[in-house]
Amino acid sequence: MHSITPGWLHERLDWPSAERGLVDAVLDTDTFNEIDDQFALAYTLLSPERLRLHARYAAPFHNDRSTGPSHGMAQNRVLDRMAALGGGLAHRGAEA
């Protein structure tokens with residue numbers, strides 16, 4: 001286990017630079033709910049020179065567009081399309 005020091009935190013929170021290489025990322029989104037998540041997904045997929053996307057998770061949501069968190073996550077249409085691409089890139093998130 002690494003000791004968490006202010007210097008260690010600052011190093012990890014610093015803005016990524018070309019010298020530091022690609023930023024490892026996972027994307028947790030509810031792409032059926034609001035447009036910002038679709039933009040985030042497009043950005044991560046179209047920025048391979050900056051980001052290394054390891055996985056995308058379908059996040060649950062519950063509002064007037066869903067009957068509950070599980071239904072909200074199932075509405076995440078991009079999930080099935082990305083799963084069809086293969087490579088284990090898309091995963092269902094928690095249902096609650």
Side-chain angles (χ1 to χ4, degrees):
M1 185 77 176
H2 188 278
S3 297
I4 298 176
T5 64
W8 184 82
L9 287 174
H10 284 250
E11 179 183 325
R12 276 143 188 84
L13 294 173
D14 194 14
W15 190 257
S17 65
E19 297 83 34
R20 290 179 61 190
L22 294 175
V23 174
D24 291 315
V26 297
L27 187 61
D28 186 40
T29 69
D30 56 347
T31 54
F32 182 76
N33 193 25
E34 300 155 342
I35 193 71
D36 63 315
D37 297 278
Q38 292 150 3
F39 283 117
L41 178 60
Y43 182 81
T44 58
L45 293 174
L46 296 174
S47 301
E49 73 285 354
R50 300 195 73 173
L51 300 168
R52 182 182 304 117
L53 184 62
H54 290 276
R56 183 199 168 272
Y57 296 95
F61 68 90
H62 184 202
N63 60 20
D64 61 345
R65 300 179 74 192
S66 69
T67 59
S70 178
H71 178 250
M73 188 206 26
Q75 297 278 34
N76 207 318
R77 295 177 184 141
V78 177
L79 178 68
D80 295 329
R81 291 185 179 116
M82 288 192 65
L85 295 174
L89 188 62
H91 305 281
R92 292 197 177 276
E95 295 189 0

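Residue indices begin at 1 and follow the sequence shown.
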The single option from Thr44, Asp37, Asp36, Leu41 that satisfies side-chain contact (heavy atoms from CB on, under 4.5 Å) with Thr29 is Asp37

Which residues satisfy the side chain to side chain donor-acceptor pair (under 3.5 Å) test with Arg50, sequence neighbours excluded? none

Asp64 meets the salt bridge (charged side-chain N to carboxylate O under 4.0 Å, His left out) criterion, sequence neighbours left out, with none

Got a sec, which hydrophobics cluster with Leu51, joining ILVMFWY side chains under 4.5 Å apart, including via others? Val23, Tyr43

Residue pair Glu49 / Leu22: nearest heavy atoms and the distance that separates them: O-CD2, 3.2 Å

